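See below for the structure under consideration.
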Amino acid sequence: GQQVMQIPQYQHVQEGEDFTTYCNSSTTLSNIQWYKQRPGGHPVFLIQLVKSGEVKKQKRLTFQFGEAKKNSSLHITATQTTDVGTYFCAGRWYKLSFGAGTTVTVRA
Amino acid sequence: NAGVTQTPKFQVLKTGQSMTLQCAQDMNHNSMYWYRQDPGMGLRLIYYSASEGTTDKGEVPNGYNVSRLNKREFSLRLESAAPSQTSVYFCASSERASSYEQYFGPGTRLTVT
């Protein structure tokens, strides 16, 4: 079964609001990746985190890797309609395992 | 560069029929993967090929076979399709098997009736 759990499964956001999606593993990870899949599209790589406590930013997206390297989060500020889609985390220990994803919808 | 290409885009099969999904990449990547995506299940790895000439089972290999034809091409075969194999199939590639981002193809939507 899946080793990487993502919450929430769905996130309905008012345009302009912030939200966070979380990724948790029962196993210490060597690294974690985040992907975005637009409706009807394919997953596209966003970022990879490797170091304990690492924080990386891409414009309005902030990615964080936990100190114990067992969890990660993606925070989006000032949500826009272009943020619609499903965000997947993928944690690696000896293999890469994808979470079930957080599907984001935006109310204009 | 086309990146990762997959054929066909859509396919409908009857139970028991066989078919092969084709995947090719033009990025000179060593590693290639086949995933299936089902609602609420994320992406589950079926098979992967860490390098040309090698293939290994992933999380859900039953009912599938793969061939790494050469460095560019990695095909997935369903010998006797079952309704449980109705899914969207994605092929992906990466420079190497560990610690590298994966590039995904556009997917094949397969329905088995």
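Every value quoted in this text rests on a predicted model; they were computed, and no experiment measured them.
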- Note on the structure: Closest non-hydrogen contact found for B:Gly42 with A:Phe88 is CA-CE2, 3.7 Å
For residues 44-53 of chain A, which side-chain N or O atoms pair as donor and acceptor with protein atoms under 3.5 Å away, sequence neighbours left out?
from, atom 1, to, atom 2, distance (Å)
A:Gln48, OE1, A:Gln33, NE2, 2.7
A:Ser52, OG, A:Glu67, O, 2.5
A:Ser52, OG, A:Glu67, OE1, 3.3

[X]-[Y] co-clustered via ILVMFWY side chain contacts under 4.5 Å:
{"X": "B:Phe90", "Y": "B:Leu21", "value": "no"}
{"X": "A:Phe98", "Y": "B:Tyr64", "value": "no"}
{"X": "B:Tyr100", "Y": "A:Leu29", "value": "no"}
{"X": "B:Tyr47", "Y": "B:Met19", "value": "yes"}
{"X": "A:Phe19", "Y": "A:Leu61", "value": "yes"}

- Query: Between B:Val4 and A:His42, is any pair of side-chain heavy atoms under 4.5 Å apart?
  - Reply: no
Under 3.5 Å, side-chain donor or acceptor atoms of residues 99-108 of chain A against the rest of the protein: list the pairs with distances, not counting sequence neighbours.
from, atom 1, to, atom 2, distance (Å)
A:Thr102, OG1, A:Pro8, O, 2.6
A:Thr102, OG1, A:Thr21, OG1, 2.6
A:Thr103, OG1, A:Thr86, OG1, 3.0
A:Thr105, OG1, A:His12, ND1, 2.6
A:Arg107, NE, A:Gln14, OE1, 3.4

- Does atom CZ of B:Arg77 have more than 12 heavy-atom neighbours, drawn from other residues, nucleotides or ligands, at distances under 6.0 Å? yes
- chain A neighbours within residues 23-39 of chain B, where any heavy atom lies under 4.5 Å away: B:Tyr35, B:Gln37
- Query: How would you list, in number order, the residues of residues 105-113 of chain B that have a heavy atom less than 4.5 Å from chain A?
  - Reply: B:Gly105, B:Pro106
- Query: Taking atom CG of B:Leu43 and atom CD of A:Gln37, what is their separation to the nearest 0.5 Å?
  - Reply: 6.5 Å
- Bottom line for A:Gln6: the part with an atom under 4.5 Å from chain B's heavy atoms is neither
